[in-house]
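A quick note: this is a predicted structure, and the numbers were derived from the prediction, not measured. In the text below, chain A, chain B and the rest are named by the order of the sequence lines, each starting its count at 1.
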Protein chains: 2
Amino acid sequence: MTEPWVDHARRELARAGHRAGGARGAVLGLLSDQHCVLSAQAIHDRLREQDRAVGLASVYRALDVLTHLKLVHRMDVDGTACYEPAYASGEHHHHAICDRCGRMSAFEDAELERLIDGLGERLGYRVEAHDVVLRGACPACA
Amino acid sequence: MTEPWVDHARRELARAGHRAGGARGAVLGLLSDQHCVLSAQAIHDRLREQDRAVGLASVYRALDVLTHLKLVHRMDVDGTACYEPAYASGEHHHHAICDRCGRMSAFEDAELERLIDGLGERLGYRVEAHDVVLRGACPACA
DNA sequence: GTCAGTGCAAAGCTTTTGCAGCGCG
DNA sequence: CGCGCTGCAAAAGCTTTGCACTGAC
């Protein structure tokens, strides 16, 4: 299986005039292997485990560029920024976080997306991104 | 017009065994006058303007207690925690934030609430709170 | 009187910035 | 061979914690 997201991201980076440095490449590679959101610190730690150590500042800088190009999606959870690949179209999901065990699950729902698009229109907003977060007790903890 | 939320909050605080201190009371009073979300720093600043100065640490402590009692709702925006009164039932709204001017608007939608409740059930979650955030260009900036 | 609540200052995190050197294009 | 990328270290937020003191019950 190829990694369409990584390829897409590299292409977009080049198109935006960015060079291909090692640190950003490593962050890109790690993100594509994950589906769950990761904090900058978590990315830094995992890269170190994989012997592809990258300065924490470079992780932040890479994520900043990627976020601005809308190649990764940023969300704040419990006061810390977390990131995940942003898939160009389709494959759009949201998160439910368990207050007890802290575990996070992802879900998607076409009707929710449709409803949110409608809401944006109603507000006169050109909505470019949106987040939905559910909090409560997961099946195991409830 | 009375302030049902403040009264409710004071009652719940007492019921949870908390004493009525000046700092927390001031935070409570300020929050009830606002509809928009406020950061801890903003609360601290406004209280100072009103000559009801409260230590920043006390603001954080008050907000922490109130959040745990589910009397205020916390949301992270751009890496900073913001707070607003949590209305026991009904009067539940969400936010749209403009990427350009940073202004925030509130909206509510019964269908959205219904849909989210359904999603929680589908996931087996006992959903206790949820957030929906739209990001994009507001009518004025678009 | 006791102990939660408070203010201040210090510490702890997360994130950003400055700067010198490396390396892609 | 210039300029973007990187790492390190320092700085800049935001938030929490330690401690002594005040004040509610």
Side-chain angles (χ1 to χ4, degrees), chain A residues 9-31 37-48 50-69 71-84 102, chain B residues 9-31 37-48 50-69 71-84 102:
Chain A
R10 286 196 212 285
R11 212 158 32 233
E12 286 299 307
L13 282 166
R15 207 160 66 85
H18 288 282
R19 296 181 184 173
R24 190 157 54 214
V27 172
L28 223 47
L30 180 69
L31 279 176
V37 297
L38 291 175
S39 68
Q41 186 65 60
I43 292 171
H44 176 255
D45 293 344
R46 299 212 184 180
L47 286 175
R48 167 162 303 198
Q50 298 177 13
D51 293 314
R52 291 202 284 170
V54 158
L56 184 54
S58 296
V59 172
Y60 276 107
R61 278 187 282 234
L63 291 171
D64 191 49
V65 169
L66 294 169
T67 302
H68 278 99
L69 289 177
L71 294 169
V72 314
H73 181 71
R74 169 189 166 151
M75 65 180 288
D76 293 332
V77 32
D78 295 329
T80 310
C82 291
Y83 305 83
E84 69 185 353
Chain B
R10 285 195 213 284
R11 212 157 34 234
E12 286 299 307
L13 281 166
R15 207 160 65 84
H18 289 281
R19 296 180 185 174
R24 192 158 52 214
V27 171
L28 223 47
L30 179 69
L31 279 176
V37 297
L38 290 175
S39 68
Q41 186 65 61
I43 291 171
H44 176 257
D45 293 345
R46 299 212 185 180
L47 286 175
R48 165 160 307 195
Q50 298 179 13
D51 292 315
R52 291 201 284 168
V54 158
L56 184 53
S58 297
V59 173
Y60 277 107
R61 276 187 284 235
L63 291 170
D64 192 48
V65 169
L66 294 170
T67 302
H68 278 100
L69 290 177
L71 293 169
V72 316
H73 180 71
R74 169 189 164 151
M75 66 178 287
D76 293 332
V77 32
D78 295 330
T80 309
C82 291
Y83 305 82
E84 68 186 352

(message) Can you tell me how far apart CD (B:Gln41) and CZ (B:Arg46) are? Round to the nearest 0.5 Å.
(response)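 One finds 12.0 Å between CD of B:Gln41 and CZ of B:Arg46.
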(request) Calculate, to the nearest 0.5 Å, the distance between atoms CZ and CG belonging to B:Arg11 and B:Leu71 respectively. (result)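 Between B:Arg11 CZ and B:Leu71 CG, I get 10.5 Å after rounding to 0.5 Å.
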Would you mind reading off the distance between [X] atom [atom1] and [N] atom [atom2], rounded to a whole angstrom?
X       : N      : atom1 : atom2 : result
A:Met75 : C:dT14 : CE    : P     : 17 Å
A:Leu38 : C:dT15 : CG    : P     : 13 Å
B:His44 : D:dT16 : NE2   : C1'   : 15 Å
A:His68 : D:dG4  : NE2   : P     : 17 Å
B:Asp76 : C:dT15 : CG    : P     : 10 Å
A:Leu47 : D:dG7  : CG    : C1'   : 14 Å
B:Gln41 : D:dT15 : CD    : P     : 9 Å
B:Asp78 : C:dT16 : CG    : P     : 11 Å

(message) Less than 4.0 angstrom between a side-chain N/O of A:Tyr60 and OP1 or OP2 of C:dT16, yes or no?
(response)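 Checking C:dT16 against A:Tyr60, no side-chain N or O comes under 4.0 Å of OP1 or OP2.
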(request) Using a cut-off of strictly less than 4.0 Å, decide whether A:His18 has a side-chain nitrogen or oxygen near OP1 or OP2 of D:dG4. (result)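 Answer is no, no contact under 4.0 Å.
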(message) Which is more 5' along DNA chain C, the nucleotide nearest B:Arg24 or the one nearest A:Ala40? Just name the residue.
(response)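 With B:Arg24 and A:Ala40 compared, the 5'-side residue is B:Arg24.
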How would you label the contact of [X] with the nucleic acid (heavy atoms, under 4.0 Å): base, sugar-phosphate, or nothing?
X       : value
B:Ala57 : base
B:Ala81 : sugar-phosphate
B:Ala20 : sugar-phosphate
A:Ala53 : sugar-phosphate
B:Gly22 : sugar-phosphate

(request) Assess whether side chain to side chain contact (heavy atoms under 4.5 Å, CB included) is satisfied between A:Ile43 and A:Leu63, documenting all intermediate values. (result) CA-CA 10 Å; A:Ile43 292 171; A:Leu63 291 171; 3.9 Å; yes
(message) Nearest to the B:Thr80 side chain among D:dC14, C:dT6, D:dC5, which nucleotide is it?
(response)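 Closest nucleotide among those given: D:dC14.
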(message) Of the listed nucleotides (C:dC19, D:dT15, D:dC5), which one gets closest to any side-chain atom of A:Arg19?
(response)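 Ranking C:dC19, D:dT15, D:dC5 by closest atom to the A:Arg19 side chain puts D:dC5 first.
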(request) May I ask you to test the B:Leu38-B:Leu30 pair for a side-chain heavy-atom distance under 4.5 Å? (result)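 With C-beta onward as the side chain, the pair touches.
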(message) Quick one, A:Arg24 and A:His18 - any side-chain contact, counting heavy atoms below 4.5 Å?
(response)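 Heavy-atom side-chain distance check passes, below 4.5 Å.
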(message) Can you tell me whether the side chain of A:Arg61 and the base of D:dG7 have a donor-acceptor pair closer than 3.5 Å?
(response)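 Flag set: donor-acceptor pair detected.
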(request) Tell me which of A:Val59 and B:Leu56 sits closer to the 5' end of DNA chain D, going by the nucleotide each one is nearest to. (result)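 First, find each residue's nearest nucleotide; the 5'-ward one identifies A:Val59.
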